[in-house]
There are 2 protein chains.
Amino acid sequence: MMITDSDQARPIPEPTLRRLPTYHHFLKTLEAEGREAVSCSTMGRELNLDPTQIRKDLAMTGITGRPKIGYVVTDLIGAIESFLGWNDIQQAFLAGVGNLGAALLGYQQFNRYGLDIVAAFDTDEAKIGRQVQGKEVMPLSKMADLARRMHVHLGIITTPAEHAQYVADQMVAGGIEAIWNFAPIVLSTPEHIIVQDEDLFSSLAVLSRRLRTRLQAMQ
Amino acid sequence: MMITDSDQARPIPEPTLRRLPTYHHFLKTLEAEGREAVSCSTMGRELNLDPTQIRKDLAMTGITGRPKIGYVVTDLIGAIESFLGWNDIQQAFLAGVGNLGAALLGYQQFNRYGLDIVAAFDTDEAKIGRQVQGKEVMPLSKMADLARRMHVHLGIITTPAEHAQYVADQMVAGGIEAIWNFAPIVLSTPEHIIVQDEDLFSSLAVLSRRLRTRLQAMQ
DNA sequence: TAGATTGTTAATCGATTAACAATC
DNA sequence: TAGATTGTTAATCGATTAACAATC
């Protein structure tokens with residue numbers, strides 16, 4: 001089936017979206033090696049994924065392959081980049097300049113993946129006015145107003161859990177539409193706000209349970 | 001159906017494991033307020049989850065509720081903690097003391113969630129020997145040997161993508177069984193090694209696509 | 001041509017949601 | 001008692017995997 005623009009309205013499966021950057025990274029290494037084409041079976045072997053699944057994921061980007069040959073590497077890279085919107089960069093505000101906040105501010109690579117953290121906010125007087133990773137820290141009280149004036153639609157929360165809800169409220173007040181939440185709490189926000197939780201404790205729960213099960217099995 | 005010890009052998013659904021820390025956090029706030037019991041409907045309303053789903057998740061921990069009353073808050077907290085193994089703490093090594101590595105080293109809260117990062121490793125001479133977040137940075141060349149001698153089974157990779165595979169190999173050589181991988185690449189490891197990927201670029205892909213779809217719909 | 005590979009439909013699998021009897 | 005809530009089975013939903021004809 002052909003993928004047309006109107007079809008794109010239907011939601012892309014989240015697992016597919018998560019895998020696309022993985023494909024992109026792998027394809028970039030192939031490109032660097034001078035490989036021109038690649039098959040789903042090859043990719044599946046390297047990435048531990050089912051080839052059919054890869055084929056379906058790639059079809060979402062609108063690119064087609066050729067039987068016996070596979071997909072053209074550079075075409076695929078371009079298709080993924082434009083599908084994920086890595087060309088037009090989203091501006092974002094970050095609130096909470098602790099260790100994690102500073103780490104995200106310093107993540108230069110974000111710029112190549114469609115994200116630009118343009119300003120950081122905190123309530124700590126000791127941090128306000130200072131530069132962190134080359135970005136000035138501003139008082140949280142100015143965030144909402146600035147977001148509205150700069151048309152920033154994405155907010156990143158890296159505060160401790162107890163301040164996260166207040167920050168989220170401020171972001172919503174500033175017209176922010178999507179929140180990337182690194183605080184381990186469930187935010188309460190208006191229906192239409194997109195919230196993506198990045199909860200390290202949840203991930204840790206999965207990992208440590210799997211490890212414990214394994215260590216027990218080894219005895 | 002009763003959950004017995006032998007049943008625990010069957011794998012717990014990953015989504016369930018991910019939600020348990022969320023319940024725990026919410027229950028802790030209820031406990032602080034002095035609430036003695038809570039129903040799944042109440043929790044579902046606060047956490048935006050289906051009550052039946054919560055009921056099934058909680059059943060995994062072995063705790064039972066009482067019709068009309070609900071669950072005893074403190075019992076539930078204890079059951080989740082022991083189910084997730086937050087009492088016996090896993091020791092871990094971290095490799096790659098950049099911004100993100102330093103942030104994880106400084107995450108005091110990990111200690112309450114069953115994780116203790118006991119040492120950090122890097123290849124950068126400027127970092128080796130220095131303390132970061134109160135933990136000494138040691139040369140990566142010593143990691144494998146130390147892991148084996150200290151019986152450390154969990155490794156955390158926070159290096160740039162290009163060094164992650166080498167670090168993973170070293171961890172495997174040191175007898176590490178599980179890897180928490182923050183580098184955005186697919187590691188190639190022996191079959192039995194547990195790898196959990198924490199790929200921020202994948203998460204970002206999901207979030208920025210959702211946001212873009214929404215901004216387009218708003219026009 | 002023969003065979004590897006694509007594109008696509010069908011079957012499977014697992015998680016979520018709905019339905020409902022049991023119970024406090 | 002009546003009604004809210006649990007525990008559990010059945011139905012639904014969506015993603016993964018298998019099957020297979022089309023094609024280079």
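All chains are named by letter (A, B, ...) in the order of the sequence lines, taking the proteins before the strands, and each is independently numbered beginning at 1.
- Partners of B/Thr29 according to the side-chain hydrogen bond (donor to acceptor under 3.5 Å, both in side chains) rule, which considers only residues two or more places apart in sequence or in another chain, do not exist here.
- Partners of A/Asn111 according to the side-chain hydrogen bond (donor to acceptor under 3.5 Å, both in side chains) rule, which considers only residues two or more places apart in sequence or in another chain, do not exist here.
- In this view, B/Phe201 and A/Tyr107, A/Phe110, A/Tyr113 satisfy the ring pair (Phe, Tyr, Trp, His ring centres under 6.0 Å) rule, not counting sequence neighbours.
- With sequence neighbours excluded, no residue satisfies salt bridge (charged side-chain N to carboxylate O under 4.0 Å, His left out) with A/Arg212.
- Residue pairs that meet the salt bridge (Lys or Arg N to Asp or Glu O under 4.0 Å) test with at least one member in residues 153-177 of chain A, sequence neighbours left out, are A/Glu177-B/Arg214.
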Please set out all donor-acceptor pairs under 3.5 angstrom arising from side-chain atoms of residues 41-49 of chain B, sequence neighbours excluded.
from	atom 1	to	atom 2	distance (Å)
B/Ser41	OG	B/Ser39	OG	3.1
B/Thr42	OG1	B/Ser39	OG	3.0

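- For A/Gln133, the side-chain hydrogen bond (donor to acceptor under 3.5 Å, both in side chains) partners at least two apart in sequence or on another chain are B/Asn99.
- Atom CE of B/Met43 is separated from atom P of D/dT5 by 14 Å (rounded to the nearest Å).
- Stem regions for DNA chain D, each three or more consecutive Watson-Crick or G-U pairs with both distances under 3.5 Å and listed by first number, read C:3-24 with D:3-24.
- A straight line from CZ of B/Arg45 to P of D/dA4 spans 12 Å, rounded to a whole angstrom.
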All N/O donor-acceptor pairs, side-chain side in residues 21-28 of chain B, below 3.5 Å, sequence neighbours left out:
from	atom 1	to	atom 2	distance (Å)
B/Tyr23	OH	B/Asp57	OD2	2.6
B/His24	NE2	B/Glu81	OE2	2.7

Given protein heavy atoms under 4.0 Å, the one-letter contact record of nucleotides 17-24 of chain D, with B base, S sugar-phosphate only and - none, is simply BB----BB

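- Among B/Leu187, B/Val186, B/Ile157, the single residue meeting the side chain to side chain contact (heavy atoms under 4.5 Å, CB included) criterion with B/Val195 is B/Leu187.
- The nearest whole Å value for the distance from the CE atom in B/Met60 to the C1' atom in C/dG14 is 12 Å.
- One can place CD1 of A/Ile54 at 13 Å from C1' of C/dT5, the figure rounded to the nearest angstrom.
- Across the protein-nucleic acid pair, A/Tyr71 atom OH and C/dA4 atom P stand 18 Å apart, rounded to whole Å.
- In this structure, the CG atom of B/Asn48 is 15 Å from the P atom of C/dT16, given to the nearest Å.
- Partners of A/Tyr71 according to the ring pair (Phe, Tyr, Trp, His ring centres under 6.0 Å) rule, which considers only residues two or more places apart in sequence or in another chain, do not exist here.
- Near-neighbour residues of DNA chain D inside residues 14-36 of chain B, defined by a heavy atom below 4.0 Å, are absent.
- In terms of heavy-atom proximity, B/Leu215 sits nearest to A/Gln90 at CD1-NE2, 3.9 Å.
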